[in-house]
Amino acid sequence: MPSSEGDDERMTSDSTKDHLWWQSGVVYQIYPRSFQDTTGDGVGDLEGIRSRLDHLEWLGVDAVWISPVYPSPMADFGYDVADYTGIDPLFGTLEDLDRLVEEAHDRGLKVIMDLVPNHSSSEHPWFKESRSSRDSPKRDWYIWEDPGPDGEPPNNWLSVFGGPAWEWDEKTEQYYYHAFLVEQPDLNWRNPEVQEAMLDVIRFWLDRGVDGFRVDVMWHMIKDDQLRDNPPNPDYSDDQTPYNKLLPVYSTDQPEVHDIVAMMRDVVDEYDERLLIGEIYLPIGKLVAYYGEDGSGAHLPFNFQLVELPWDSGEIYAAVTEYEAALPPGGWPNWVLGNHDKSRIASRVGPAQARVSAVLLLTLRGTPTLYFGDEIGMPDGDVPEDQIQDPQALNLDDPSFSRDPQRTPMRWDDSEHAGFTTGEPWLPVGGDAGVTVEAQRDDPDSMLALHRRLLDLRRREPALQIGDYAPAGIEGDAFAFIREHEGRRFLTALNLGDAPVTLEPDRPVRGTVQVGTDRPREGDEVRGKIDLAADEGIVILLEE
Ligand code: GLC
């Protein structure tokens, strides 16, 4: 990260020094099952991540967020945690984690763990104890309720993965609540003992040198204390999962959740420059509340607008403005294009627009999170129906809800299984020609090279890391915005359509293209209007 001296712009500028690493940096999400296997069991591991630190350093990202690697029965591939302070043998050992953190740090990379505090695995000793009897000292660590008069569940709440969110326990004759799988009982965050236990988990990892957390389903952590029924969703349509039949107004986003987030933040703040990210799928107005009062909440409530919105210039341009305006004082923005739960960007918008999306993600104001494989334009993988692994699709008995396609293994080279494993990969490795790190590494026109140039420019230019944002005009499928810091100004112009567009910003443009989706354009001067080819995105350094 920028320091006081050095031989390039970034190093000589001290204008980013008032910013924290996670404000000027770029996060890269690793789905560990699918990044790199070193044992031949077909599942990625921590040593695999360590062996690929070269790639991450060369690419130019600043931090990795690793999806859960804790001991788990893997009912939801690690999002069902059976021990919050261990490492599943499938991924390695605690020592492997320590080594990974140390080597990452040696290279200037931060390591962010996934934290899954809303629910544990039903195999967690806490839950086993809790379900053992109504008198268990841990009974109240989970959400247990008596049946209704006819034996029915306490209310109408639905599980995100299908069916009711309440599971009957024969032995103790009560229901327990699970927002996700039956194997993922929700912890009772109103219980101070639960709070203390999980805050200790946070301390455990921070003491080991981990740089922060991405907190799973943060907005789910507190539920209505009266357990009121959720109302029907008038906008429900058949292409949504049945969970969406109701509006989760009482099962999620309760006001008291902010007290819990503040407790987590307090612990994180006991340490230097650690980061708290929240996974929150809510409309902007509600999302920004997770920054907390006076910044007492998450540093970065994940902003999923680029994942959720249609790929439309008007919608995106307006959403950026809305988001910028909604941020509380001191609230740092962030942007996400993809993750392990959503169809990959290259499949959602196609390969040409995926390049445009990279220019957008890496030049908007705020911390970008890049999903592994998106840097080479990996599309969703093809997973035959009889090989589906994702519990969401299996539970709903509907392949269209499978998250497997976005979780297929990283494609490193053209060898069998793309260099991911020497064994049988847990999900099929796609075969798309040219979509490997090796094929793109030395090709200056590749998606990978485009990412490197964008990351390099961003790293050298405080205006792109921490500069202000201003909209600069929209015309049909194209729009532009300006980033500025201490008089240095960059204009990003993007054509989200497949026909050429000419943008006429309010003020005539004078500048030089620094990075573009079409590399030969780099170095070109732009005067007055901006002509964009189909599917083109450029970053212009403005004169003056
Ligand atoms: C989050 C995770 C997702 C998981 C769910 C339940 O949304 O990203 O993968 O299935 O929480 O933990």
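Read the numbers this way: they start at 1 and go in the same order the structure lists the ligands and their atoms. Computed from a predicted structure; not experimentally measured.
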**Q** Which ligand 1 atoms are under 4.0 Å away from a heavy-atom of E279?
**A** 1 (C), 7 (O), 8 (O)

**Q** Considering only the protein, which heavy-atom contact is closest to atom 9 (O) of ligand 1, and what is its distance?
**A** D341 OD1, 2.7 Å

**Q** Which residues pass the ring pair (Phe, Tyr, Trp, His ring centres under 6.0 Å) test with Y291, sequence neighbours left out?
**A** none

**Q** What part of F161, side chain, backbone, both or neither, has a heavy atom within less than 4.0 angstrom of ligand 1?
**A** side chain

**Q** Check contact between M218 and ligand 1, using heavy atoms of the residue and a distance below 4.0 angstrom.
**A** no

**Q** Run the numbers for me: atoms of ligand 1, each under 4.0 Å from some heavy atom of R407, listed by number.
**A** 9 (O)

**Q** Measure across M410 and E375 and return the closest heavy-atom pair with its distance rounded to 0.1 Å.
**A** CE-OE2, 3.5 Å

**Q** Should you measure from each heavy atom of H119, which atoms of ligand 1 turn up under 4.0 Å away?
**A** 6 (C), 12 (O)

**Q** Taking V69 as the fixed residue, which of L46, L90, L100 is the one that meets the side-chain contact (heavy atoms from CB on, under 4.5 Å) rule?
**A** L46

**Q** Does the plane of the ring in F180 sit parallel, tilted or perpendicular to the ring in H119? Use 30° and 60° as the thresholds.
**A** tilted

**Q** Which protein non-hydrogen atom lies closest to atom 11 (O) of ligand 1, naming both residue and atom, and how far is it?
**A** D216 OD1, 2.9 Å

**Q** Decide if atom CG of D382 counts as having more than 12 heavy atoms of other residues, nucleotides or ligands within a radius under 6.0 Å.
**A** no

**Q** Distance under 6.0 Å and angle within 45° of the ring axis: does K110 meet both against F213?
**A** no

**Q** Which of the numbered atoms in ligand 1 are under 4.0 angstrom from any heavy atom belonging to R214?
**A** 2 (C), 8 (O)

**Q** For ligand 1, which atoms have a heavy atom of D76 less than 4.0 angstrom away?
**A** 4 (C), 5 (C), 6 (C), 10 (O), 12 (O)

**Q** Among side-chain atoms of S67 and Q29, is any donor-acceptor pair under 3.5 angstrom?
**A** yes

**Q** Which of parallel (below 30°), tilted (30 to 60°) and perpendicular (above 60°) describes H340 and Y371?
**A** tilted

**Q** Any idea which atoms of ligand 1 are less than 4.0 Å away from a heavy-atom of R403?
**A** 3 (C), 4 (C), 9 (O), 10 (O)

**Q** Near V217, which atoms of ligand 1 are under 4.0 Å from a heavy atom of that residue?
**A** 1 (C), 7 (O), 11 (O)

